[in-house]
Structure formats: C-alpha cells, structure tokens
**Q** 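This is the structure I have questions about; it appears just below.
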4 protein chains.
Amino acid sequence: MKKDSSLGKYRETLHEIIFEADTPAGKLFDIILIVSIVLSVIVVMLDSVSTIRNSYGGFLVLSEWFFTFLFTIEYFFRLSCVGRPFKYATSFFGIVDLLAIIPTYLSFFLPGSQFLIVIRILRVLRIFRVFKLVQYLVEIRLLNEALRASRRKIIVFLFTVFTLVIIFGSMMYVIEGEQSGFTSIPRSIYWAIVTLTTVGYGDISPKTGFGQALAAVIMIIGYAIIAVPTGIVTTEIARATERKVFTQACRVCSAEGHDIDAKHCKYCGAKL
Amino acid sequence: MKKDSSLGKYRETLHEIIFEADTPAGKLFDIILIVSIVLSVIVVMLDSVSTIRNSYGGFLVLSEWFFTFLFTIEYFFRLSCVGRPFKYATSFFGIVDLLAIIPTYLSFFLPGSQFLIVIRILRVLRIFRVFKLVQYLVEIRLLNEALRASRRKIIVFLFTVFTLVIIFGSMMYVIEGEQSGFTSIPRSIYWAIVTLTTVGYGDISPKTGFGQALAAVIMIIGYAIIAVPTGIVTTEIARATERKVFTQACRVCSAEGHDIDAKHCKYCGAKL
Amino acid sequence: MKKDSSLGKYRETLHEIIFEADTPAGKLFDIILIVSIVLSVIVVMLDSVSTIRNSYGGFLVLSEWFFTFLFTIEYFFRLSCVGRPFKYATSFFGIVDLLAIIPTYLSFFLPGSQFLIVIRILRVLRIFRVFKLVQYLVEIRLLNEALRASRRKIIVFLFTVFTLVIIFGSMMYVIEGEQSGFTSIPRSIYWAIVTLTTVGYGDISPKTGFGQALAAVIMIIGYAIIAVPTGIVTTEIARATERKVFTQACRVCSAEGHDIDAKHCKYCGAKL
Amino acid sequence: MKKDSSLGKYRETLHEIIFEADTPAGKLFDIILIVSIVLSVIVVMLDSVSTIRNSYGGFLVLSEWFFTFLFTIEYFFRLSCVGRPFKYATSFFGIVDLLAIIPTYLSFFLPGSQFLIVIRILRVLRIFRVFKLVQYLVEIRLLNEALRASRRKIIVFLFTVFTLVIIFGSMMYVIEGEQSGFTSIPRSIYWAIVTLTTVGYGDISPKTGFGQALAAVIMIIGYAIIAVPTGIVTTEIARATERKVFTQACRVCSAEGHDIDAKHCKYCGAKL
C-alpha cells in the first residue's frame, strides 16, 4: 500500500496489521483471527446440540458473545483504518465481515438466528491469501475463469432444467394426485427436482404405474443431461488450462507449450 | 419482413407488433406477454395448494379464465396476421401456443387438466429473442449443435440402458419376489431404473443377500456408465466450441456446419 | 457368403433367409423375428402383473409356450443351416439365442424361472444390422473402441472402489453395530456401495454422530471420484472421435482434418 | 537388488523370496500370501454374519487367529531380512502390513475391533507387481499423475463444498427446526452433505415449503457443481494421456514428468 499522508501513523500501522499479512504482526493477527473464527463456528455448532447445550449452555452462550464482541471491535477497527471505509464496507469481504456479527445481536429479537453466524466461515477464505498459497490462488483464478466462460451456457441449462421440472411436476400432480403425496404443484415440482438431480429422498414417490413410468422418464433425463454442464465446464477448464500452459514462449528458440511450473525451455534448455 | 401486397396495412402492423420485437410496440407486447405467462403459471400453481385454494379459489379460477381468454384471442390474432397460418400452427411455437390454452377448456370434461397449462412456460423461451440476448442464442445453437452431433451415440447408450434395466429388473423379480416389493416385472424395471440412475428412493429395496449383491452390481454399473454420455457430450461440446461452427452457410447447397477455416463447402465443393 | 458345395440348395436358401438381411425374404424374416421377440417379452412382463395374470393367465402362458416353441424351431434351423454349427453355438448371439429359450423349459423344475426369458431382448440388438443403420454401427464401434481403450484404467478404478467399500463397510459395522441395521460386514459393504455410488436408498442409514461423519466422508469420496471414470472415458471418446475425423487426407492438397461426413476437401474443394 | 555384504546368505535368500517376485519361490510365496489374505478377509466377513457365527463361530475364530499368527511371523521375517527395517516399517506397505495384524490382538481389549483386519485387503494391491501387470502399473501411474496434478484444484473445490454445507446446513437448522429431524447443526450439515452429493437417504428431509425450496437450491447446486471436479480430472487425464509423461527422469536433478518430446529438463535445463 502506498503511503497516504492523511492517514496517521497509528492508523497506518493498524492497517498493516489488520489488512496485510506481510509483517510478522500482520500474519499473527490473521492467524489469531482465523483460529477465532473457526472456534466461534464450532461453539455455535456445539450450542445447537441439545445434550451439549444442557450441560455447557452458559459457557457456550458466553463464548458466542465474546467472539461476536471481538469481531465487532475488529470490524470497527477495519472501518477506521481503511482508506475508503465505504468501499470496504460494500466489498465482498466487507459484507461478510458485517454479516458475521449481526446474527448474534439479531437473536434478541429472533431467537435462533444466532446460529446463522456460521456464515463467518466465509471469512476463512482469507486463508489462501494469508499463507501465501500462491499456487492455490492461480488455480482458483483458473477455475473462476472457466466458470465465468461457461456462465451463459450454464444459465441456458438451468433455464431448461426449470422448465422441465415445472412441466413434469405439474404432470405428476395431475397423474398421481394427493394420495401419493403430490399434494400441490409446488410440492410436485420439489419432487421433480429431487428426482431429476438423482437425489431421490423417497419422502414422496409415485404409486401408480403411469406415474412410475413418467418418473422413470424424468430419472433417465436427469441421468443423461448431467452430461451437459459437465461437458460445458470440462471444455472451459481444458481451454483455460491450455491457455495458461501456452502463454510462455522461450526467448532463445521461441518454442511454446511449456508447463506452468517449468523454469527452463524443454527444447533448448534456456532459462524462461 | 418483406412487404406482402396481399396483407392489409392492418394485418401488417399487427404482425409487426405480435411477431417482431424490433419496434417499441412489438417489444412492449412481448414484455406484457411474458409477464402474463409467468403470472398465469403462478396462479395455476397457487390454485393447486389446497390452503390457498380454500381462501382465494374464486379469484384464482377467474384469473385462470382471464389469462386463457387473453391467450386465446392472441392465438387467433397470430393466426390471422401471419403469412402462412398453417405453417405457423404446425411450428414448435405454434403448437406450444395452442397447447397453452387447451387445458383450461379441457377442464370442463376432465377436471384437473387445467393444471397442465403450465406448459405455457415454454412460451417464455421467446425471452431470448425478445431481449436480443444474442450471445445466449449463440450458446444455445452451440449446445444444440453438440447434442445433435451426439444424437446417435446417446440413442445407442439409451438402448443399452433399457436392455440392462429390463434384464436386471426381471432377475430381481425372480430373486426377490413379492415380499420385498418387487411385485411385477414392470415394477422391478422401475426399481432398476431408480437404482441405475442412482436416484434411489428406497420405496422398493432388496432384502435378500443375493438380491443386494445384484443390486450392488447395478449400482456400480450405473455409477460407472454415466461416464459414457458425459464423455460423448463433452467431446462434442469441445469440438463445437473449437470449430465455432454455425457461422457460414454454403451459397450453393446451403449446407451449414463448416469449420471456421474452411474455404470450400465440404458437401458440394463450392467456394464459401 | 461363399458357396459351399456341402450345403444343399435348401440349406443355402434357409441360411440366406435366417442369417442375412439382404434379400426381401431375409429382411421379412428378421422383422417378424424382432416383432415376435418384443411381443414375447411383453407377454412375460404382463404375466408377472398379478391382476393381469388373474384375468388372462391362460392366454399368456399359452403365448409364452407358443413363442418359445417358435424360437426353439428357429434355433435348430439356425444350427442346421449354418456352415459351422459349433462356432455359431458358442458365439455371442448363439448363446443368447439358446438362453432365450431355456427358461421356459426350466420353469417345469424351477417355477418362476420363465420370467428370465426377457434375456431374449438382447436378440433385438440385431436391429442395427437388419435395418442397415450403418451410421449407428459406426458409432457403436467408436464407443466400443473407447471403452476397450479405457478397460485397464476402469478395472484399476473398480479395484480401488471395491477396496474402499470393504474397508469403509467394515468400519461402519464396528462403529454403528446391529441397532442401526448394519447387521453384518457384507450388509455394511452393501450399504457402503449404496452410499458411494450416491444411490442412497435409506433402508440402512447411520444413527450415531461418528457413523454419520464417516458416512459423510464416503459420500464426498463417491461424489468426487465419479470424476475419474468420467475423465478416462471422455479422454478415450475424444481420442477415438479425433482418430475417426483425421483419417481422410485430401488427394489434391493432402490437407487433413476433414469431418467424417465431408464429401469435398474444405480447403481446395476437391472430391474426397 | 545389489548384494549387501552385511546380509547373511540366509537373509538374502529370505529377502528374495519375501520381497521379490522374480524367482519361482518368490512368486509362489506371493501367490500363497494373496490367497491367505483374501481367505482371511472372507473369514472375518463370514464371522460377522450372526447366523454363520452361531454355527461355525469356533472354526472362524480359530482361522482368524491362524491367519493373524501367520501374518505376524511374516511381518517379523520381513523386518529381519530387509536392509533398512525402519524404512520398511514406515513405508506405505510396511504400515499396512502392521495394521493388518494389530486388530486381532486388539480384540482382547476392544471386542469387535477384530473386524478391522479387513484393512489387510490393501495388501492385495501387491497383486499388480506380483503378476507383472506392467500395463496396469503404467495406467495406475498415469491416473496418479493426473490426480496429483489436479490436487490443488480438488482441494479448492472441497473447501468450497465444506463452506457450502456448513452455511446451508445451519440455514436449514434455523428454518426447519427439530420437528423435521434437523435436531442440531452438525446433523443438518450431515443432511446437507447427503443432499449436495445427491445421495439422498431420506432419513431426514425438509417438511416446510421454505425448507423444501432451499433444499431444491442445494440439490441443483450439487447437481451442477459435480461438473467441476469432473472437468478438472478429465482435463488432467487428457493431458497425461497425451504427454505420456512418466518415462524420463532428469539425470541431474532427478525431476520427473517431462514431456515425451522434451530434450532438456524443464527444471534445471540439463540435457535429458
């Protein structure tokens, strides 16, 4: 980060500790933060298990408030030391940081909502940056690129799937009726999604011969069309991987096609 | 659209509004149409939920008739202003437009059939044309191209799957018998499809050791052969993406599907 | 077929009718055969439905015997007119032809085994040859080629899957015990297969927290390793498709990479 | 193996028999070993079936001890004749060999743990080496190579999946509550994994409309993102197959994974 004369020495140091992971203090802060997040998520999970809550309920609630208090302070520190607080507050991590503390306070009005603080697990995504897992960041970018490239095809695919489940769901509602559990079209559509995605709970299942025949059709469609998103994503990942691979050209013999981790040209041995 | 002297000025304007989306009036018409379709489908869905029907049944039935009436008028307008009504009536969208109004009228004779009007959701597919989502149309054509190219392989695959489920279903019927729910061969085939596609409702499941062993074989086959359609479709999507097919059509034989670097039609040899 | 002096005129004609589909008589025979097979399989299926059997049982049993009698005669005709009866009898279709008649006779000793005659559905595979669906035969050969090329990798994969389900099944048996339905190791292995292949009947499911955690591990493994056979088969299908595509070279400009259905070189327009 | 003067003639011969499969004696030993392993695993499986245990319990327990005794002796022989016992003991097969005998002894303290000896099925993996299934070893190495290359992407994918199931699981816990079986967050996460991986036992399933809507979202996500690991692994398998990696190792830095057309080591630049 470039020096910003409007930032006091104090805010600058704070920023370095909280936002960067280059200095020992910054790295320590990040590690403590990640450990706290994971601990607080575990605490909430344990609090939801009735047998554990009955024995350690008080301690767990206390811990929840302790962590939330900690993260609230941290959130305000972040706001105070960042150059443009509004930009941070509306960024992905800024929103996650806020959502990660709200549920505990909300539990005053909506009991049970404190369990939603598990969303702070998203904050752990910082881990890749903190530990300088550069190779991982490269892979994440590659996957993102592939998914962005397949965006439109996937939307068309999902559009088709929604059309199919609405039509098939309604047909099953007409065929099977209330006795088999197809009590309404929305519920039948839910069943159609359960079937098409090959999840198959079995809480609702066709009883009549005709219903079972139609269900078999939906299953086979679901079984076969999974090939479509797979084909789309595979093609894009292959293309993104190839692009990554074929960017480097040897400066001596100008051969291409070197692996991403290659340090020497594989044809003439020159340094890349 | 070319001017057709046999079409009156009135029909021409109507055609422009109803069939095209270039003029403001045409676009407005299409947007109103799509909103009406979505609303009417929601109405039918709500009508199928018994608690909602009990409270708002009258209003919902009225709305259903209102929308069906609207779409009926629209259908006749379409027929009246199109150049060749028969060609429109037998086209994909012509049939969908008709099917989208029939169920409500049919419900006089077959109560319950009105729920089938959800098929009018297919009319929403026009959305890609209306909003000039050209990029989406390109992607849809690419996916279509890939699926058409894998047509025969997929048919062979489905043929194999049907043969497998008939044979395995009958074997399970003989092995497990009536006590485990395998009450007939068609029902056992239904179970084999549920298992092979990895849906697995659990409404019917083998009880004997031998039946479970055979079921395990079916599962592993189903788990492994999903690779076949996926491989087929992936290969074709990769090829279609690479070729960026679908740009040029031969001026002599009007064949399509030429590679991007092709200089001559691959069917008749004419220069492209 | 070459003329064989040891075959009488009569046997030769019979062979042409039964084994070939080039002459009108041969084609008619094959069509009647395929229709009979499909009809006989439908008869057996209907016979297994108790309500239908109660009403039409006599007629169905009679039909079964009629078809079996027909196919038995046909089998002996095939044996009598073929050049090397033993080679035919031990070929794939020879064995299927035999298996397709045995179950009915076996039903004297083992009631219920007559349902296994559905295996005669395999005889319908001749359909691709009879109707000269050459394009389909090409595709089938391509798929066969791809599957044969991935044979060894698939075996290694299945070997890994079997090792996994044996180890995980036994662990679940020790963890969950009899109360949750994991009554023996073979049954627990059955459950592990149901889970790993993502079928998930739910007839047996873990009840303890530790068992559910292990089950979650198995599910995620099963969900992720499906990628392996898919990757193997996709690679081989892509390679087989490419090989097919790239076999033709233009005789004029010797350019390669023509599509399988191309009649003219796409670069110079010469006839291929 | 090179001669090692510190090994007596006796130990050398023993080593050849136990560790190598080149001599007839060594091959015989390995075959007997594999058969014993498979037999002992079958014995343990049968012992877990209560009806069989009741009849043949004594004989089965005796067999278990006999095989364990045999493998214990073998383990010590292996330790005694190998050049560096510690290196063997900490190698993959060394650990498996040890784990394969411990459970029987452990069953004195923890009844039931003897069933865990099925882990000795892993010892059968030696089969590929014993029978010189070189082609299989090549394929295994290729798959390993592909999986190692996709390692990081798969970890990122699993990380995303874990984040998703934690967040979705907690949301379902808040939405559905105790009545539908979502009794705690860990249990709800278990349900989210069951749903996302499309296993779908149905032991827990949403009852409320809102819960079913969220479940539908999870299913469709699970159905669509299976494309990601598949795409990753497919790309790597295709690359590994194309490169036919794994033949050459650099003589200077002994790095592996060079392309088949590489003339220089891509890491140190030395001539290959």
Side-chain angles (χ1 to χ4, degrees), chain C residues 150-157 159-160 162-163 166-167 169-171 173-175 177-178 182-189 194-207 209 212-213 215-228 230-236 238-239, chain D residues 41 44-52 112-113 115-119 121-122 124-125 127-128 133 135-136 138-140 142-143 146-147 150 154 157-158 161-162 165 186-187 189-190 193-194 196-203 222 226 228-238 240-242:
Chain C
S150 23
R151 197 180 58 245
R152 284 201 206 85
K153 289 199 204 75
I154 295 289
I155 288 173
V156 168
F157 173 74
F159 201 92
T160 314
F162 279 120
T163 310
I166 288 176
I167 292 175
S170 307
M171 286 171 77
Y173 172 71
V174 173
I175 293 170
E178 316 259 331
F182 295 79
T183 51
S184 70
I185 290 186
R187 201 169 149 81
S188 300
I189 291 173
V194 168
T195 300
L196 194 87
T197 57
T198 77
V199 171
Y201 284 134
D203 51 351
I204 316 169
S205 68
K207 299 283 174 291
Q212 291 181 339
V217 170
I218 303 176
M219 283 169 215
I220 287 171
I221 290 177
Y223 184 64
I225 62 171
I226 183 69
V228 175
T230 305
I232 294 166
V233 172
T234 301
T235 303
E236 291 303 335
R239 274 155 57 89
Chain D
V41 168
V44 164
M45 284 187 187
L46 293 178
D47 187 31
S48 75
V49 183
S50 57
T51 54
I52 295 176
S113 60
F115 296 116
L116 293 177
I117 66 141
V118 294
I119 205 170
I121 201 76
L122 282 176
V124 175
L125 290 176
I127 208 165
F128 292 111
L133 302 169
Q135 268 301 312
Y136 282 89
V138 169
E139 306 278 16
I140 291 170
L142 190 151
L143 288 177
L147 290 177
S150 21
I154 295 288
F157 173 74
L158 289 180
V161 165
F162 280 119
V165 295
R187 202 169 149 81
I189 290 173
Y190 162 72
I193 294 172
V194 169
L196 194 87
T197 56
T198 77
V199 171
Y201 285 134
D203 51 350
I226 183 70
V228 175
T230 305
I232 294 165
V233 173
T234 302
T235 302
E236 292 304 335
I237 289 179
T241 307
E242 242 151 65

**Q** For Val228(C), is it the side chain, the backbone, both or neither that has a heavy atom under 4.5 Å from a heavy atom of chain D?
**A** both

**Q** Highest number of heavy-atom pairs under 4.5 Å with chain C: which of Ile226(D), Asp203(D), Ile52(D)?
**A** Ile226(D)

**Q** Can you tell which part of Leu196(C) gets under 4.5 Å to a heavy atom of chain D, answering side chain, backbone, both or neither?
**A** neither

**Q** Hey, does the side chain of Tyr190(D) reach the backbone of Ala215(C) with a donor-acceptor pair shorter than 3.5 angstrom?
**A** no

**Q** Using the side chain to side chain contact (heavy atoms under 4.5 Å, CB included) rule, take Gln212(C) and Val194(D) through it: C-alpha gap first, then chi angles, then the decisive distance, then the call.
**A** CA-CA 10 Å; Gln212(C) 291 181 339; Val194(D) 169; over 6 Å; no

**Q** Rounded to the nearest 0.5 Å, how far apart are CD1 of Ile185(C) and OG of Ser170(C)?
**A** 4.0 Å

**Q** Any sub-3.5 Å donor-acceptor pair from Lys153(C)'s side-chain atoms to Arg151(C)'s backbone N or O?
**A** no

**Q** About how many Å separate OG1 of Thr160(C) and CG of Leu143(D), when rounded to the nearest 0.5 Å?
**A** 8.0 Å

**Q** Find the one option among Thr163(C), Ile189(C), Ile220(C) whose heavy-atom pairs under 4.5 Å with chain D are most numerous.
**A** Ile220(C)

**Q** Go through Ala238(C), Pro206(C), Gly177(C), Gly222(C) and name the one with the most non-hydrogen pairs under 4.5 angstrom from chain D.
**A** Pro206(C)

**Q** Give, as side chain, backbone, both or neither, the part of Val165(D) having an atom under 4.5 angstrom from any heavy atom of chain C.
**A** neither

**Q** Taking Ser205(C) for the side chain and Gly202(C) for the main chain, is one N or O donor matched with an acceptor at less than 3.5 Å?
**A** no

**Q** Can you say whether Phe159(C) sits under 4.5 Å from chain D via the side chain, the backbone, both, or neither, judging by heavy atoms?
**A** side chain

**Q** What's the spacing between Thr230(C) OG1 and Ile225(C) CD1 if we round to 0.5 Å?
**A** 10.5 Å

**Q** If you count heavy-atom pairs under 4.5 Å between each of Ile154(D), Val124(D), Leu116(D), Val161(D) and chain C, which one has the most?
**A** Leu116(D)

**Q** Side chain from CB out, backbone as N, CA, C, O: work out which of these in Tyr201(C) comes under 4.5 Å of a heavy atom of chain D, or both, or neither.
**A** backbone

**Q** Please report whether the ring centroid of Tyr173(C) lies less than 6.0 Å from that of Phe182(C).
**A** no

**Q** Where does Ile204(C) contact chain D at under 4.5 Å (heavy atoms): side chain, backbone, both or neither?
**A** backbone

**Q** Check each atom of Leu158(D) against the heavy atoms of chain C and say whether the ones under 4.5 Å are side chain, backbone, both or neither.
**A** side chain

